[in-house]
Amino acid sequence: MAALSKSIPHNCYEIGHTWHPSCRVSFVQITWAALEESLKIYAPLYLIAAILRKRKLDYYLYRLLPEILQSASFLTANGSLYITLFCLFRKILGKFYSWTPGFGAALPASYVAILIERKSRRGLLTIYMANLVLLFCITAAMYMFFFRCKDGLKGFTFSALRFIVGKEEIPTHSYSPETAYAKVEQKREKLEEKPRRMNIIGLLRKLLNSICKHGPRHRCCKHYEDNCISYCIKGFIRMFSVGYLIQCCLRVPSAFRHVFTQPSRLLSLFYNKENFQLGAFLGCFVSIYKGTSCFLRWIRNLDDELHAIVAGFLAGISMMFYKSTTISMYLASKLVETIYFKGIEAGKVPYFPHADTIIYAISTAICFHAAVMEVQNLRPSYWKFLLRLTKGRFALMNRKALDVFGTGASKEFHDFIPRLDPRYTVVTPELPIEFS
């Protein structure tokens with residue numbers, strides 16, 4: 001642990017924005033880089049979410065762009081405010097202490113930035129890593145249990161899970177089995193009256209129906225149009241297609257940038273392994289969950305909310321196909337948030353105003369501090385994200401000068417020494433090593 005009292009006399013150019021001596025120019029460069037990357041992240045994300053949620057035209061005309069800009073502004077502010085406070089603290093204190101380049105500048109920057117973001121997106125973050133698949137299995141088990149419980153989940157989370165696993169897995173329906181059978185029969189009669197176009201989807205559906213025509217269905221199962229086998233297979237195909245298309249859409253901007261220089265890269269848009277990995281993850285999650293739920297209904301001869309814990313846990317194994325720390329940690333944090341607010345509603349835990357904002361600011365500040373002082377202890381995926389957000393400038397910090405604090409700041413940078421202009425430095429700069 002670096003001593004808090006230690007200090008170095010270097011200015012902010014010598015330590016932070018080594019690529020340019022001006023604080024203002026560096027601020028503009030970081031802000032522009034962060035804004036560009038933020039728009040690349042949030043524009044396709046919000047567009048895909050709007051399509052999946054079947055938003056109406058008014059949303060695309062009046063709300064989509066403001067929401068994209070709001071989230072992009074939040075992420076941009078995280079970077080621009082950080083470098084602003086980085087320089088400001090140096091000017092106020094006259095020197096750098098062990099806490100100022102990382103935690104000191106990042107904490108207020110993160111706190112102000114998260115206030116810009118929509119409250120519904122302020123998830124609780126955590127900095128401690130656990131086993132990825134096991135964490136997701138436990139998280140999925142609890143999510144599916146709350147999904148099956150009455151008033152367990154609300155809002156977007158409930159809508160998203162209903163879209164993924166289907167409304168058949170919701171235990172409380174407003175109609176009886178007899179009514180459901182009648183509706184199914186009416187639907188079939190209407191379909192028989194209209195001539196069917198034999199397109200690919202129609203042929204595939206006909207094939208599935210023929211394969212699973214004589215399959216079993218338990219009386220407690222609410223998928224009245226399908227037997228249990230067909231129900232699981234169709235669930236896999238549906239969500240595999242969704243995952244494949246989502247990943248394709250996310251790769252469109254990068255693919256089309258090379259449409260004229262490297263036309264062959266367009267093929268990777270459709271045949272990239274990540275497309276199939278996300279599809280396999282979503283497809284297997286749904287099919288395992290549905291299959292396990294049906295199996296437990298057959299074994300126990302009843303439909304119970306507790307089945308969702310077992311089914312959700314086993315379905316979480318599907319993350320083996322698409323190991324994403326971001327997904328696991330985000331869902332885990334939202335689960336903690338859900339449990340916390342349920343505890344408040346039940347009067348079991350106290351309410352702390354702005355708890356999510358404070359925890360986010362502290363967590364992000366610790367991550368920024370690690371990125372400055374001890375990159376070796378930071379998650380590689382988060383480090384790559386910071387490099388993308390700053391166009392690689394985060395790696396240009398003079399970490400050699402920070403080694404005095406005892407954190408091994410330059411350990412991962414192979415004795416990198418920035419080229420500094422002596423006219424703007426306080427300490428005579430060390431000359432970079434020249435390689436022949």
Side-chain angles (χ1 to χ4, degrees), residues 2-37 76-110 365 367-378 380 382-436:
L4 295 177
S5 59
K6 281 187 177 181
S7 64
I8 53 177
H10 303 67
N11 61 30
C12 51
Y13 164 56
E14 293 172 88
I15 299 296
H17 47 87
T18 60
W19 63 90
H20 200 286
S22 171
C23 296
R24 295 177 183 175
V25 172
S26 301
F27 165 79
V28 172
Q29 291 174 337
I30 289 294
T31 302
W32 180 255
L35 178 61
E36 183 181 347
E37 189 62 33
T76 303
N78 236 141
S80 60
L81 289 174
Y82 170 73
I83 191 171
T84 300
L85 292 168
F86 181 93
C87 298
L88 187 62
F89 280 175
R90 168 59 182 82
K91 294 183 186 299
I92 294 174
L93 300 175
K95 57 182 71 175
F96 278 112
Y97 294 89
S98 62
W99 56 272
T100 51
F103 191 87
L107 180 63
S110 302
C367 289
F368 266 71
H369 189 80
V372 174
M373 303 298 291
E374 39 191 321
V375 177
Q376 63 273 16
N377 294 326
L378 190 69
Y382 192 76
W383 172 242
K384 290 179 181 177
F385 169 72
L386 290 177
L387 292 179
R388 285 172 52 199
L389 201 64
T390 60
K391 299 294 183 184
R393 294 186 178 93
F394 220 126
L396 301 180
M397 295 183 71
N398 188 4
R399 290 175 173 82
K400 192 78 173 176
L402 298 175
D403 282 340
V404 68
F405 296 120
T407 61
S410 66
K411 182 178 180 181
E412 299 294 318
F413 294 89
H414 308 290
D415 297 323
F416 165 75
I417 301 173
R419 293 180 179 273
L420 300 172
D421 190 336
R423 295 176 298 172
Y424 303 99
T425 61
V426 175
V427 179
T428 303
E430 185 178 352
L431 294 177
I433 301 174
E434 297 288 346
F435 295 96
S436 57

J.: Show, in sequence, the C-alpha distance, side-chain angles and deciding distance for V404 and I8, and conclude whether the side chain to side chain contact (heavy atoms under 4.5 Å, CB included) test is met.
T.: CA-CA 8 Å; V404 68; I8 53 177; 3.4 Å; yes
J.: In the structure I gave you, are the side-chain heavy atoms of R399 and V375 within less than 4.5 Å of one another anywhere?
T.: yes
J.: Looking at A371 and L378, what are the two nearest heavy atoms and their distance?
T.: CB-CD2, 3.8 Å
J.: Any chance you could lay out the side chain to side chain contact (heavy atoms under 4.5 Å, CB included) test for H10 and V426, step after step, and finish with the verdict?
T.: CA-CA 6 Å; H10 303 67; V426 175; 5.9 Å; no
J.: Quick one: OG1 on T76 to CG on L35, what's the gap to the nearest 0.5 Å?
T.: 4.5 Å
J.: Side chains of H17 and R393, heavy atoms from C-beta outward: is any pair under 4.5 Å?
T.: no
J.: Are any non-hydrogen side-chain atoms of P422 and T428 less than 4.5 angstrom apart?
T.: no
J.: Measure the spacing between CD1 of I30 and NZ of K391 and express it to the nearest 0.5 Å.
T.: 11.0 Å
J.: Just so I know, are the side chains of K411 and E374 near enough to count as touching, which here means a heavy-atom distance under 4.5 Å?
T.: no
J.: So, for A365 and A106, which heavy atoms are closest and what is the spacing to 0.1 Å?
T.: CA-CB, 3.7 Å
J.: Which atom pair, heavy atoms only, marks the closest approach of P9 to K95?
T.: CA-CB, 4.3 Å
J.: Test F96 against every option in F86, Y13, F405 by the ring-ring contact (aromatic ring centres under 6.0 Å, His included) rule and name the one that passes.
T.: F86
J.: Could you measure the distance from the CD atom of E412 to the CD atom of Q376? Nearest 0.5 Å is fine.
T.: 5.5 Å
J.: Tell me whether R90 contacts the main-chain N or O of G94 through its side chain, where contact means a donor paired with an acceptor under 3.5 Å.
T.: yes
J.: Locate the shortest heavy-atom distance separating A105 from A109; write the atom from each residue and the value.
T.: O-CB, 3.4 Å
J.: First locate atom CZ of F103, then atom SG of C367, and finally report the distance between them rounded to the nearest 0.5 Å.
T.: 11.0 Å
J.: I'd like to know whether K6 forms a side chain to side chain contact (heavy atoms under 4.5 Å, CB included) with S98, so could you lay out the CA-CA distance, the side-chain angles of the two residues, the decisive distance to 0.1 Å, and finally the verdict.
T.: CA-CA 7 Å; K6 281 187 177 181; S98 62; 5.7 Å; no
J.: Would you please indicate yes or no on a ring centroid separation below 6.0 angstrom for Y82 and F368?
T.: yes
J.: What's the spacing between M397 CE and M373 CE if we round to 0.5 Å?
T.: 9.0 Å
J.: Could you tell me the separation between the OG1 atom of T100 and the CD1 atom of I15, rounded to the nearest 0.5 Å?
T.: 9.5 Å
J.: Does N11 reach the main-chain N or O of Y424 with its side chain, forming a donor-acceptor pair under 3.5 Å?
T.: yes
J.: Determine whether the side chains of S410 and D403 contain a donor N or O and an acceptor N or O closer than 3.5 Å.
T.: yes
J.: Quick one: do L93 and Y97 satisfy side chain to side chain contact (heavy atoms under 4.5 Å, CB included)? Show the steps, please.
T.: CA-CA 9 Å; L93 300 175; Y97 294 89; 4.1 Å; yes
J.: Ignoring hydrogens, what is the shortest heavy-atom contact between E14 and N398? Give both atom names and the distance.
T.: O-CB, 2.9 Å
J.: With side chains defined as the heavy atoms from C-beta onward, is the minimum distance between P101 and V372 less than 4.5 Å?
T.: yes
J.: Considering all heavy atoms of both residues, which atom of P108 and which atom of L85 are nearest to each other, and what is their separation?
T.: CG-CD1, 3.5 Å
